[in-house]
Amino acid sequence: MDKKIKIVTVKLGLDIHWRGIVVLSRMLRDAGMEVVYLGNQFPEQIVEAAIQEGADVIGLSTLGGNHMSLGPKVVELLREKGIDDIMVIMGGVIPEEDVPALKEKGIAEVFGPETKVDSIVSFVESELEKENVK
Amino acid sequence: MDKLMETFEKNDPVALGRVLKEVESQSEKGYEILKRTNKEKGKAHVIGITGPPGAGKSTLTSKLCKQLVNKGFTIGIICVDPTSPFTGGALLGDRIRMQELAKLPNVFIKSLATRGSLGGMAHSTADIVQLMDSFGKDIIIIETVGVGQVEFDVLEISDSVVLIGVPGLGDAIQTVKAGIMEIADIYVVNQADRPGADESVKDLKLMIKESERKDWKPSVLKTIATEQEGISELIDELERHKTHLITTKAWEKKRKERNYNRFVGRLDEIVHESVEGQFKTNPKTQSIIEQVKEGTMNPFSAANKIAEYIIKS
Ligand code: B12
Ligand SMILES: Nc1nc2c(ncn2[C@@H]2O[C@H](COP(=O)(O)OP(=O)(O)OP(=O)(O)O)[C@@H](O)[C@H]2O)c(=O)[nH]1
Ligand SMILES: [Mg+2]
């Protein structure tokens, strides 16, 4: 049996713009992934859910301006628990100038409003491929 | 591996997560883990929740779980959703109805995709039950797919089966048609805030009265999951059923049967894989396969021939 990619998608914190992540979750399913959509959650609960689900990837969505305060927190909590094999990616409305700082703090990639789903899927697949080779 | 099992024994949820991940993907490591944790305690009360799509299975599970946690139980939840036969992907959407559980201690939720297995269960469900059990969960709740038809696999795996329906006409006929009077131990008419609930309850009770079942008469409960109404009655019934199982020795019997079925299932898989591997690659069987494809040999004789050949070799 070939390994399925399992991704936990979530609306970060209290951000209400759920349309994008719901659309994206469906498209990721259509790309052959197993998607667990959590709705709105904060970092502690996101990390717990990802552990329980055995996720390969966490996808954080925010259009609400909380990306700097809550995004890196997710990575931090994962590391605290000794987990380094869950990739964290982000998307939504996130200013260009914040991206380097987010990557610095362990967010693997940031996808803006115009991103094509194909590029998200191929990024995830190729990054996980690298992980497996390691 | 040893380290992982050590933290597992220490009841670290991170370890349970990792262990379940291996078993879910049916990796070599996964089977190794299953071998090592076979000291299955068999203590957990396994509850199957089934019923048509949208009946309120997830909502009810969430409320049930909340009250059970308050009573001091540790809980494992397994939610099964269908894999798309076209893309192989799945949207596992039960967890979103259980958001209120996120902050509770001792609740572990695992969402599974069916990955092509029929019968409303994912292939790895029994393995995951075993691991949650040996991790020390008191109660394990399984929410099945809810494809509308009855999901018989849930019977084999659960101690108590709860069938959730909603008020409405077609229900009664549907129930008889599907032959589900035998499957459930407890019937729930959820969404009792909607009209017709009392009629549904009456219909169900009538049918239970007429059913052949003698050992246990299932009760029919009314709930409004969204309002948390009827949940404590459901818990009482579940406890009553558990006691019934234990006093009639059915509890033990179910565990023995389950162990046996899992052995047969795994043996089946191994034999299947090795037979398939052999006849697909063995040059001696190729000509037979060609003849079958051409229609010059009938599939029945061909299957017998190949089976004999492989078993002897
Ligand atoms: C529709 C909308 C709303 C709707 C939301 C409907 C809903 N429930 O979804 C309503 C009217 C409710 C709303 C409210 C508000 N909004 Co508004 N809203 C928008 C708008 C116009 C479109 C968003 C949208 O649905 N896009 C369509 C979807 C499909 O695209 P998307 O969400 O961007 O998602 C795509 C990608 O970003 C990416 N993606 C998204 N998430 C993720 C996650 C991962 C892991 C990955 C890989 C990719 C990814 O993939 C998706 C598909 O391509 C945007 C403007 C804009 N151009 O973005 C403003 C916008 C997001 N809103 C904005 C604001 C300020 C607000 C309010 C605060 C306004 C107010 N003052 O009251 C409120 C409240 C917000 C809150 N509490 O969180 C600002 C945000 C500014 C910021 N963050 O710096 C924006 C950018 C408008 C602006 N230019 O000022 N909003
Ligand atoms: N009015 C009313 N709505 C309810 C009740 N219980 C659940 N619902 C709603 O019914 C919808 C479906 O509930 P779920 O819990 O997702 O149902 P489900 O059986 O798990 O659905 P699937 O997993 O998709 O098969 C949700 O919108 C719930 O809020 C109830 O008692 N009364
Ligand atoms: Mg559900």
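Source: prediction; values computed, not measured. A, B, ... follow the sequence lines: proteins, then strands. Residue 1 opens every chain.
- Proximity to chain B (any heavy atom under 4.5 Å) is shown, for A:Ala50, by neither the backbone nor the side chain.
- Neither the backbone nor the side chain of B:Val23 comes within less than 4.5 Å of any heavy atom of chain A.
- Taking 4.5 Å as the heavy-atom cut-off, the residues of residues 93-101 of chain B that approach chain A are B:Arg95, B:Ile96, B:Gln99, ordered by number.
- Applying the salt bridge (charged side-chain N to carboxylate O under 4.0 Å, His left out) test to residues at least two apart or on different chains, the pairs with a partner in residues 113-128 of chain A are A:Glu127-A:Lys130.
- Side chain to side chain, B:Lys137 and B:Thr74 fail the donor-acceptor criterion of an N or O pair below 3.5 Å.
- Proximity to chain A is absent for every atom of B:Leu16, based on heavy atoms less than 4.5 angstrom apart.
- The cationic group of B:Arg266 lies under 6.0 Å from the six-membered ring centre of B:Tyr31 and within 45° of the ring axis, placing it in a cation-pi geometry.
- No more than 12 heavy atoms of other residues, nucleotides or ligands sit less than 6.0 Å from atom CG of A:Leu14.
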task: With salt bridge (charged side-chain N to carboxylate O under 4.0 Å, His left out) as the test, would you mind laying out the steps for B:Glu32 and B:Lys29 before giving the verdict?
output: CA-CA 5 Å; B:Glu32 211 41 56; B:Lys29 201 171 165 188; over 6 Å; no
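- Counting only residues at least two apart or on different chains, no ring-ring contact (aromatic ring centres under 6.0 Å, His included) pair has a member in residues 69-90 of chain B.
- Comparing B:Pro13, B:Ser111, B:Ala113 by how many heavy-atom pairs each has under 4.5 Å with chain A, the most go to B:Ser111.
- In terms of heavy-atom pairs under 4.5 Å with chain B, the best-connected choice from A:Glu53, A:Glu34, A:Met33 is A:Glu53.
- When each of B:Gly88, B:Cys79, B:Ser84 is scored by its heavy-atom pairs under 4.5 Å with chain A, the top score falls to B:Gly88.
- To the nearest 0.5 Å, atoms CG (A:Leu78) and CG (A:Asp84) are separated by 9.5 Å.
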field: Residue pair B:Phe8, B:Ile33: steps toward the side chain to side chain contact (heavy atoms under 4.5 Å, CB included) verdict
entry: CA-CA 10 Å; B:Phe8 179 84; B:Ile33 289 165; over 6 Å; no
Below 3.5 Å, can you tabulate the donor-acceptor pairs from side chains in residues 22-30 of chain A to any protein atom, sequence neighbours excluded?
unit_1, atom_1, unit_2, atom_2, d
A:Ser25, OG, A:Thr9, OG1, 3.0
A:Ser25, OG, A:Ile21, O, 2.7

